[in-house]
Amino acid sequence: MPSQTWLVKSEPSTYSYADLERDGKTVWDGVRNFTARGHLKEMQVGDQVFFYHSQEGKAVVAIAEVAKEAFPDKSDETGRFVAVELKPVRSLKQPVTLEDMKANPALAELKMIRQGRLSVSPVTADEWKAILRMAGE
DNA sequence: GCCAACGTTGGC
DNA sequence: GCCAACGTTGGC
């Protein structure tokens, strides 16, 4: 499988892209949803990940990269969930808002739009390019 | 701050 | 194994 692309959500008040840049890398844990867990397990080192700010901002603001593949989430007492490690790549030239993404027919099938509450979702190669273009890149 | 959507849990 | 109740997420 060639490298895939993904989108993760985070509330900036909890953990923003600026926090990731400051930290250099972070353990992406706390995911408690089986669909999202499945995606975490599929991630491979080097996969590119859009970093989306939910609630405040509601926009894709940056690109991160998978630094470590799925391992048991230590914050999960049941032992059922996994975490990955992410590191920052770069901020987008301009954030791409949810509103803009919804308005773009090329992104009508985007998983995070179709299933709003999913915190980790796949992004196709075409969707990736479309979002980069909207970011002015 | 509210509420709709939806995933998970637990009783039966 | 079904389904109602509950909790959480996230857009508005």
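Just so you know, these numbers come straight off a predicted model, no measurement behind them.
A heavy atom closer than 4.0 Å to some atom of DNA chain B occurs in A/Asn33, A/Phe34, these being the qualifying members of residues 27-36 of chain A.
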Return all side-chain donor-acceptor pairs below 3.5 angstrom for residues 51-72 of chain A, not counting sequence neighbours, or 'none' if the list is empty.
from    : atom 1 : to      : atom 2 : distance (Å)
A/His53 : NE2    : A/Tyr17 : N      : 3.1
A/Gln55 : NE2    : A/Glu11 : OE2    : 3.0
A/Glu69 : OE2    : A/Val45 : N      : 3.0

Sequence neighbours excluded and cut-off under 3.5 Å, please list the side-chain donor-acceptor pairs for residues 108-120 of chain A, or say none.
from     : atom 1 : to       : atom 2 : distance (Å)
A/Glu109 : OE1    : A/Arg114 : NH1    : 3.3

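Between A/Glu85 and A/Lys25 there is a salt bridge, with a side-chain nitrogen of the basic residue lying less than 4.0 Å from a carboxylate oxygen of the acidic one.
Listed by first and then second residue, the ring pair (Phe, Tyr, Trp, His ring centres under 6.0 Å) pairs that reach into residues 91-114 of chain A come to none, sequence neighbours excluded. Within the structure, every pair that satisfies the ring pair (Phe, Tyr, Trp, His ring centres under 6.0 Å) test and touches residues 79-121 of chain A, not counting sequence neighbours, is listed here: A/Phe34-A/Phe81. Counting only residues at least two apart or in different chains, ring pair (Phe, Tyr, Trp, His ring centres under 6.0 Å) contacts with residues 107-137 of chain A comprise A/Phe50-A/Trp128. Residue pairs satisfying the ring pair (Phe, Tyr, Trp, His ring centres under 6.0 Å) criterion with at least one member in residues 104-126 of chain A, sequence neighbours excluded, are absent.
Contacts of A/Arg114 with the nucleic acid, taken as non-hydrogen atoms under 4.0 Å apart, are absent.
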Contact letters for nucleotides 4-11 of chain C, in which S counts primed atoms plus P, OP1 and OP2 and B counts the base, heavy atoms under 4.0 Å: ---BBBBB
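Remark: A/Arg32 engages A/Asp73 in a salt bridge (Lys or Arg N to Asp or Glu O under 4.0 Å) (not counting sequence neighbours).
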